[in-house]
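Proteins come first, then strands; the chains are lettered A, B, ... in the order of their sequence lines, and each starts at number 1. Bear in mind the structure is a predicted one, so any value in this text is a computation, not a measurement.
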Amino acid sequence: MWSFGVGIFVAASLSMILFTAFTISVNPPSNVERLDPKTLHLSGEFAEHNLGTTVGSDGSVTVRAIATQFMFLPRCIVVPANRRVTLRFASPDVIHGLLITGTNVNTMVVPGFVSQVHTEFTRAGDLLMPCHEYCGLGHSGMWANVQVVAQDEFKPGPDGRISCAQR
Amino acid sequence: MRNAERLCLAHFWVAFAAFLFACAIGTWQMWVRSPLGANVGTPGQYFMSVTAHGVSMAYVLTTFFIMGFGYFVAVTALNRALPGKLWAWAAYWVALLGVVLTVIPIATGQASVLFTFYPPLTASVWFYIGLVLVVAASWIWCVLMLIAMTQWKRENPGRPVPLAMFATVANAVMWLWTTVGVAVELVFQVIPAAMGLVQTIDVGLARTLFSWTLHAIVYFWLIPAYIAFYTMAPRAAGGRLYSDTMGRLTFILFLIYSLPVGMHHLLMDPEHGNATKFIQVLLTAFVAVPTLLTIFTITASLEIAGRLRGGRGIFGWIASLPWERPMVLATGLSFVMLGFGGFGGIVNMGYGMNAMVHNTSWVTAHFHLIFGGSVVIMYFAIAYAIWPRLTGREYKTLGPLRLQLWLWFIGMMVMTLPWHWLGLQGQWRRVANFNYADPIIAAWGPWVVVSFAGGIILLASAVLFVANLAALHRSPALGIVRPLYALAVHPPLRVPAALNGFALWNVLVLVLMIAAYGYPIAQFLIDPSPGAIVHRVR
Amino acid sequence: MPDITPRPSEPHVLDQPWRMWSSVAVVGILLSGILLGVLVIPIVQGRSVGIDAYTAICRALGILPGSPAQPQSPTPLPGIPVSQVTWTSDLLQILARADVRRGHAKVQEVCVACHGEKGESIGVEFPHLAGQSGAAIYKQLFDYRTGSRAHPMMTDVAKALDEAAIADVAAYYAGQPQRNPNLVTMAESPPAIVQLVELGDPKRNIAPCSSCHRAGAGGPIETPVLAEQRAEYIVQQLKLYASGKRRNDVYARMRTIAAQLTDEEIRGLAFYYRAGFR
Amino acid sequence: MQSNTSSAADSPFEAADDIDETALASVMRSVPLGAAVLAGTAVALLVLGYLAVYLLVFIPRGTVG
């Protein structure tokens with residue numbers, strides 16, 4: 001009888017996961033995209049001046065950021081509320097990780113891979129994006145700010161770029 | 001037999017010395033992190049302390065306690081002399097040497113990489129070599145446990161191996177499987193990097209190999225507590241074990257399901273696809289089974305005791321249990337903490353839901369509750385139960401023992417419940433200080449102070465624990481030796497070979513490990529990920 | 001008293017169902033996991049956003065990048081590097097095995113006039129190089145050579161050196177006796193500066209200087225060690241970083257920090273790390 | 001720790017207890033009702049807590065993937 005109950009418990013917890021996966025497509029951030037950490041800074045999307053929030057010609061919002069010892073670049077990220085956002089992170093040196101407080105955004109940043117999170121910020125406000133994985137002695141001083149702004153305040157420049165200072 | 005007792009005591013005292021030290025520095029860390037400790041200690045000191053805390057608790061306390069307890073069980077449950085006693089002492093000294101080699105670089109600030117390593121950060125090579133020695137010593141212990149059981153089976157053909165020994169060997173077998181991952185990571189990746197032989201490291205592979213070890217190691221720590229639940233608590237309560245088969249099944253399930261699930265520590269990692277993560281999450285859900293079986297079986301065993309002592313009604317038996325006995329009290333408190341810890345655990349394993357809490361204080365709360373709470377409180381109860389037998393002396397009063405257990409329980413709850421809350425708010429892990437000037441973080445301050453108070457209570461309890469054990473060494477001689485292990489309601493007369501050995505289960509573990517870890521590891525060999533530059537901390 | 005007299009078991013009869021059913025259960029659980037994880041979830045999720053089954057499964061397995069539940073639109077952008085140094089395994093091996101004798105000869109030929117034979121500089125505007133990290137010296141020479149960093153004298157000097165010579169020079173100076181933290185200036189520094197060095201400033205999101213610039217801190221590979229350095233040189237460089245005139249620090253690690261420091265702090269830090277009393 | 005005997009019953013550690021078999025048999029008529037209710041309630045609370053976190057915290061924070 002008890003084994004039956006145990007079976008129900010296991011089945012219930014698994015069906016919650018499946019339910020969430022099927023209805024709102026929730027997955028852990030798994031983007032197996034290899035990228036050499038040693039050449040990140042030379043060219044391509046993670047070169048210094050490509051970092052930050054970009055709105056594509058199709059209206060898609062992409063944020064690119066670097067997690068490095070011991071800071072994020074850019075140190076402040078601006079994103080629109082209630083709109084699909086793709087966050088992409090890479091590390092040129094060691095393992096980092098990040099979360100954005102009060103949201104479900106959470107990923108490890110492993111050198112050698114691009115971490116990617118798709119999300120929708122549900123509320124406007126100022127949030128913190130700390131490094132949550134030990135990355136060296138300066139780890140505690142590593143965080144960025146995230147500004148989630150209402151749709152009508154989110155006005156990218158003509159090049160599709162927008163930064164915290166601009167808005 | 002004095003030698004066997006000295007062997008056990010030698011292991012236990014190393015374990016508990018490390019434990020007391022780790023409690024003290026753990027409390028210091030909580031002070032540094034709290035609003036009360038702004039500008040106390042440098043990051044170098046803080047992470048040195050975190051490394052020492054993790055190594056002491058996770059490697060020294062556990063390994064030495066489990067080895068010592070294994071020797072005790074092998075002698076007492078099988079009721080025969082320990083085979084290879086010289087080997088056991090050799091393993092003890094090798095492990096102790098390993099601890100010394102590990103401690104020196106930590107203390108000199110050359111190993112501030114935490115006990116979970118984080119390559120491409122690398123520490124002094126001696127840090128890793130010391131840990132490898134501790135693991136190698138524990139392998140000797142595993143072999144000795146296997147030999148003890150095999151010899152006993154040969155001498156007692158057809159008889160079921162006593163449950164306590166069966167479980168100990170299950171743990172030894174599991175530990176041999178478990179340590180393969182970290183051993184490969186250290187020997188082939190981290191140690192060459194620390195020695196300067198290679199300049200880059202495949203971080204994805206290193207994390208995958210470590211995850212192989214990372215979950216099962218927790219069950220290695222946990223099984224002694226479950227041995228106490230099944231074999232000691234029912235006797236201490238004055239009852240019988242409700243089902244011996246349930247016990248055997250539980251330990252077998254731990255063996256097979258603790259291993260192919262480690263990737264749930266990598267749910268937020270970019271180097272693995274969704275499919276392999278999901279498979280391991282599904283297997284993780286089955287790890288709940290042995291724990292749920294145990295909760296029921298042990299509660300039923302206690303119910304037998306309570307009713308035999310005159311308890312009536314659906315819940316009346318609870319009140320009539322002998323809560324004044326440390327083993328019974330610890331079991332009850334352990335179950336409460338297991339409940340809260342389990343709650344945190346099912347949220348952690350929730351696949352996408354893990355994103356809400358990964359690397360926040362929620363996780364810290366979870367494993368402090370499960371390991372530091374429900375497991376370590378049973379380490380206390382085991383120590384209290386067997387110390388009179390090891391020293392041949394008797395407690396004058398059980399009051400300080402009960403006080404110590406209660407303090408541990410209260411301290412653990414006061415410390416970890418706020419952590420759950422803070423974790424949901426996004427308080428992240430492994431930082432030496434917080435910027436309490438930030439409005440989001442400022443709101444956390446009061447709860448951080450509350451959890452710090454819990455830490456102080458825990459430290460007081462730890463001091464009292466060691467004082468209780470030390471006091472026993474000067475207590476009056478033991479009058480009568482009370483029996484320790486419980487009988488089952490229906491003592492097993494014949495058990496199938498499957499429940500009396502591990503051959504079948506080893507095959508199934510192999511199948512599961514190939515299915516769960518085959519591709520995730522192979523992908524790094526098929527298409528090596530670009531290496532990361534080694535960063536040497538020293 | 002229960003009957004606990006043992007009786008021999010009959011292993012085959014008892015064991016067969018155990019063997020069979022446990023294997024069936026374990027394999028069944030495994031197969032359902034594979035079925036759901038590899039096939040059902042990606043196909044269902046992919047269908048909801050119009051990703052074909054094959055792509056969705058490949059993404060779930062990690063063979064293709066991206067999530068099975070999200071469209072993936074990679075946008076390759078051109079980039080301009082602030083520094084062209086690439087720390088490869090080979091380069092670090094070259095640095096580790098560079099020829100110190102050749103380095104010495106090169107130093108006597110071109111460096112000695114300003115930086116001294118043993119890396120003790122002859123003027124306040126030239127940094128001491130003795131015991132400096134080889135990677136740090138290599139990085140700066142390489143950046144001068146490629147134009148990522150500019151200096152009226154150093155640019156030409158570096159352009160005259162080839163990569164092997166740069167490695168040799170770097171290794172030679174790195175092999176000179178290390179300079180140690182100057183306990184006198186550290187003791188004489190105001191608490192606010194000591195705090196900046198040891199603890200950073202959480203309010204301004206500044207990590208402690210020592211978490212990268214102490215020897216063996218484990219920070220970015222090209223970080224120079226700061227100890228007994230020319231104060232004037234430190235002030236000058238921090239100001240260049242702050243104004244953005246010097247920008248060869250990969251990912252603006254120093255520009256962002258220097259821009260937040262006050263003049264007083266810059267002077268204080270230079271004093272803290274200053275050379276002297278040897 | 002005596003090792004000269006071979007039967008578990010003689011060992012001081014797994015010796016027979018003084019539980020009366022008839023009393024045990026009568027007790028076993030009600031066991032494990034209490035345990036099932038107690039453990040069942042605890043597990044039910046666990047599931048409720050999980051659902052509460054899922055519905056009240058996880059879902060409102062937006063989907064990720």
(Q) Quick check for you: to the nearest 0.5 Å, what is the distance between B:N359 atom CG and A:M108 atom CE? (A) 5.5 Å
Q | Atom group of A:L18 that falls short of 4.5 Å from chain B, counting heavy atoms | A | side chain
Q | B:V50 portion near chain A, given a 4.5 angstrom heavy-atom threshold | A | neither
Q) Is it the side chain or the backbone of A:L128 that comes within 4.5 Å of chain B heavy atoms, both, or neither? A) both
Q: To the nearest 0.5 Å, tell me how far A:E133 CD sits from B:L114 CG.
A: 8.5 Å
Q: Might you point out which heavy atoms bring B:A532 and A:D93 nearest each other, and give the distance in Å?
A: CB-O, 3.9 Å
**Q.** Point-to-point distance, once rounded to the nearest 0.5 Å, from OG of A:S115 to CG of B:D269
**A.** 8.0 Å
Q: Write down the atom of A:K38, the atom of B:G531, and the distance for their closest heavy-atom approach.
A: NZ-O, 2.6 Å
**Q.** 4.5 Å side-chain heavy-atom contact, B:P270 and A:E33
**A.** no
Q) Is it the backbone or the side chain of A:F89 that comes under 4.5 Å from a heavy atom of chain B, or both, or neither? A) neither
Q) Taking all atoms of both residues into account, what is the closest heavy-atom pair of A:F113 and B:G204, and its distance? A) CE1-CA, 4.2 Å
Q. Is there a side-chain contact between A:I17 and B:F278 (heavy atoms, below 4.5 Å)?
A. yes
**Q.** Qualifying disulfide (SG to SG under 2.5 Å) pairs with a residue from residues 33-102 of chain A, counting only residues at least two apart or across chains
**A.** A:C76-A:C164
(Q) Test your reading of the model: is there a side-chain donor-acceptor pair from B:H358 to the backbone of A:N106, 3.5 Å cut-off? (A) no
**Q.** Closest non-hydrogen atom pair between A:V10 and B:A285, with its separation
**A.** CG2-O, 3.7 Å
Q. In terms of heavy-atom pairs under 4.5 Å, which option from B:L424, B:T42, B:V113 contacts chain A the most?
A. B:V113
Q: Please flag which part of A:Q69 lies under 4.5 Å from any non-hydrogen atom of chain B: side chain, backbone, both or neither.
A: side chain
Q) Checking heavy atoms, do the side chain of A:N31, its backbone, both or neither come under 4.5 Å from chain B? A) backbone
Q | B:Q523 portion near chain A, given a 4.5 angstrom heavy-atom threshold | A | both
Q: Calculate, to the nearest 0.5 Å, the distance between atoms CG and OG1 belonging to A:D36 and B:T200 respectively.
A: 9.0 Å
Q: Pick whichever of A:H139, A:Q116, A:M142 has the most heavy-atom pairs under 4.5 Å with chain B.
A: A:H139
Q.
If you count heavy atoms of other groups shown closer than 6.0 angstrom to CZ of A:R123, is the number above 12?
A. no
Q: Find the one option among A:N27, A:T101, A:L127 whose heavy-atom pairs under 4.5 Å with chain B are most numerous.
A: A:N27
**Q.** Spacing of B:F524 atom CZ and A:R34 atom CZ [to the nearest 0.5 Å]
**A.** 6.5 Å
Q.
Among A:G112, A:P37, A:P92, which residue has the highest count of heavy-atom pairs closer than 4.5 Å to chain B?
A. A:P37
Q. Can B:N274 and A:S30 be counted as having a side-chain donor-acceptor contact under 3.5 angstrom?
A. yes
Q. Which residue out of B:T116, B:V537, B:D438, B:V534 racks up the most heavy-atom pairs below 4.5 Å with chain A?
A. B:D438
Q: Could you please spell out the steps behind the side chain to side chain contact (heavy atoms under 4.5 Å, CB included) verdict for B:I441 and A:W143?
A: CA-CA 12 Å; B:I441 298 175; A:W143 76 84; over 6 Å; no
Q) When only pairs under 4.5 Å are counted, which of B:T360, B:I201, B:L282, B:N354 shares the most heavy-atom pairs with chain A? A) B:L282
**Q.** Residue B:A432 versus chain A: region with a heavy atom under 4.5 Å
**A.** both
Q.
If we define contacts as heavy-atom pairs under 4.5 Å, which of A:I95, A:T39, A:V26 has the most with chain B?
A. A:I95
Q) How many angstroms lie between atom CE of B:M48 and atom CG of A:L137, to the nearest 0.5 angstrom? A) 9.5 Å
Q: Kindly say whether A:V110 contributes a backbone atom to a donor-acceptor pair with the side chain of B:R207 at under 3.5 angstrom?
A: no
Q) Non-hydrogen atoms of chain A under 4.5 Å away: do they reach the side chain of B:P528, the backbone, both or neither? A) backbone
Q: Counting only heavy atoms closer than 4.5 Å, note whether B:P439 contacts chain A via side chain, backbone, both or neither.
A: neither
Q | Pairs of heavy atoms under 4.5 Å with chain A: top-ranked of B:Q427, B:M356, B:E271, B:R429 | A | B:E271
Q. For the residue pair A:V32 and B:H272, what are the closest heavy atoms and their distance?
A. CG2-C, 3.5 Å
Q) Taking A:T107, A:V109, A:T103 one by one, which has the highest count of heavy-atom pairs under 4.5 Å against chain B? A) A:T107
Q | Shortest non-hydrogen separation from A:P28 to B:M268 and the atoms involved | A | CB-CE, 4.0 Å
(Q) Which atoms of A:L99 are under 4.5 Å from chain B, going by heavy atoms: the side chain, the backbone, both sets, or neither? (A) side chain
Q. Between B:Q425 and chain A, which part of the residue has a heavy atom less than 4.5 Å away: side chain, backbone, both or neither?
A. backbone
Q | Side chain / backbone / both / neither for A:T20 at chain B, heavy atoms under 4.5 Å | A | neither
Q: Look at the side chain of A:Y134 and the backbone N and O of B:S112, then say whether any donor-acceptor pair between them is shorter than 3.5 Å.
A: yes
Q: Give the member of B:L267, B:D527, B:I346, B:V203 that has the highest number of heavy-atom pairs under 4.5 Å with chain A.
A: B:D527
Q: Select one option (side chain, backbone, both, neither) describing which atoms of A:V117 are under 4.5 Å from chain B's heavy atoms.
A: neither
Q.
Just so I understand: if I count every heavy-atom pair under 4.5 Å between each of A:C135, A:S13, A:P111, A:G141 and chain B, which residue has the most?
A. A:P111
Q. Would you find more than 12 non-hydrogen atoms of other residues, nucleotides or ligands less than 6.0 Å from B:W444 atom CH2?
A. yes
